[in-house]
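The first residue in the sequence is number 1, and the count goes up from there. Given the structure is predicted, the values throughout are model-derived calculations rather than measurements.
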Amino acid sequence: MSVLDGGVRTAHMVASVLLGRPDEGMREAWPLLARSVATLPFGEVRNRLTAFLVHVAATSQTALEAHHAAVLGPGRSRRFRLASHSPGDAAGRQEALHRFEDAFRTAGFGLSGEEPADHLAAVCELSARGAVEPAVQLLREHRAGLAELRGELEEEGSPYAHIVAAVQATIPPAGPRATPGALRRAEPVHRLVTPYGEPARFTTR
């Protein structure tokens with residue numbers, strides 16, 4: 001999918017919702033999310049998002065909420081903040097955060113309040129609102145951080161690795177300046193994380 005492809009915006013919309021806290025709207029939104037994913041071209045993005053939706057359909061609400069709290073709850077969601085993966089000192093990470101905040105301001109959007117601007121869910125929401133190119137550019141700049149995050153989730157056996165891998169697959173290939181190590185980490189992983197649980201519900205923003 002190219003950056004201008006509407007499929008990128010759709011994929012990011014679904015990813016943003018799936019990263020949200022499970023609540024009463026999740027079951028109702030599941031069919032719409034599944035239909036949206038079904039419109040995507042066959043490939044890594046569609047496969048990964050489908051895998052997470054299958055996990056949701058096979059997982060109890062209690063288990064979904066517990067796992068979400070363990071992965072994205074207080075004290076854990078920081079690793080989904082892309083600026084926190086930026087190399088350098090605190091000043092460098094703060095500068096990176098400002099880049100995310102500026103992207104929202106330039107696009108004319110305010111933050112929902114649930115996540116900071118550099119949170120993966122917020123960046124995907126920025127794209128879903130229509131600012132696809134700025135969002136994708138931010139994701140490209142933090143390609144290595146996404147790879148690091150996905151690696152952590154895969155080691156934990158978390159189905160959320162599927163969502164991160166789907167987002168990675170929407171990013172254009174790295175340019176010649178990318179380091180071999182970063183490229184290896186950013187290569188799509190086709191091994192699926194084994195779902196552990198049982199159905200649920202998503203909330204739209």
- Measure up the Phe80 and His119 rings against each other and bin them: parallel (under 30°), tilted (30 to 60°), perpendicular (over 60°). parallel
- Query: How are the rings of Tyr160 and His67 set relative to one another: parallel (under 30°), tilted (30 to 60°) or perpendicular (over 60°)?
  - Reply: parallel
- Message: The test is side chain to side chain contact (heavy atoms under 4.5 Å, CB included); show your working for Val8 and Val45 and say whether it passes.
- Response: CA-CA 9 Å; Val8 172; Val45 178; over 6 Å; no
- Query: Within a radius of less than 6.0 Å around CZ of Arg99, do more than 12 heavy atoms belonging to other residues, nucleotides or ligands occur?
  - Reply: no
How close do [X] and [Y] get, heavy atom to heavy atom, and via which atoms?
| X | Y | value |
| --- | --- | --- |
| Glu44 | Ala169 | CG-CB, 3.6 Å |
| Ala122 | Pro116 | CB-O, 3.3 Å |
| Phe109 | Ala131 | CE1-CB, 4.1 Å |
| Ala117 | Phe104 | O-CE1, 3.7 Å |
| Gly20 | His68 | O-NE2, 3.1 Å |
| Ala34 | Leu53 | CA-CD1, 3.8 Å |

- Report the C-alpha distance between Val71 and Arg79 in whole Å, list the side-chain angles of each, state the deciding distance to 0.1 Å, and finish with yes or no for side chain to side chain contact (heavy atoms under 4.5 Å, CB included). CA-CA 9 Å; Val71 174; Arg79 59 183 176 167; 3.8 Å; yes
- Message: Checking Glu101 against His98 for the side chain to side chain donor-acceptor pair (under 3.5 Å) test, could you report, in this order, the C-alpha distance in whole Å, the side-chain angles of both residues, the deciding distance, and whether it holds?
- Response: CA-CA 5 Å; Glu101 294 171 340; His98 289 327; 3.2 Å; yes
For the atom pair [atom1] ([X]) and [atom2] ([Y]), what is the distance rounded to the nearest 0.5 Å?
| X | Y | atom1 | atom2 | result |
| --- | --- | --- | --- | --- |
| His55 | Ser158 | NE2 | OG | 7.5 Å |
| Arg140 | Glu133 | CZ | CD | 10.5 Å |
| Leu33 | Thr50 | CG | OG1 | 11.0 Å |
| His12 | Glu125 | NE2 | CD | 13.0 Å |
| Arg143 | Leu82 | CZ | CG | 12.5 Å |
| Leu19 | Leu120 | CG | CG | 5.5 Å |

- Item | Whether Arg81 side chain and Asp118 backbone form a donor-acceptor pair below 3.5 Å | no
- Arg150 side-chain N/O to Ala165 backbone N/O, donor-acceptor pair under 3.5 Å: no
Hey, are the side chains of [X] and [Y] touching, using non-hydrogen atoms and a 4.5 Å cut-off?
| X | Y | value |
| --- | --- | --- |
| Arg35 | Thr39 | no |
| Glu155 | Glu152 | no |
| Leu72 | Glu115 | no |
| Val167 | Val123 | no |

- Task: List the steps and the verdict of side chain to side chain contact (heavy atoms under 4.5 Å, CB included) for Glu154 and Val164.
- Result: CA-CA 10 Å; Glu154 287 180 336; Val164 179; over 6 Å; no
- Item | Salt-bridge contact Asp102-Arg105 (side-chain N to carboxylate O under 4.0 Å) | yes
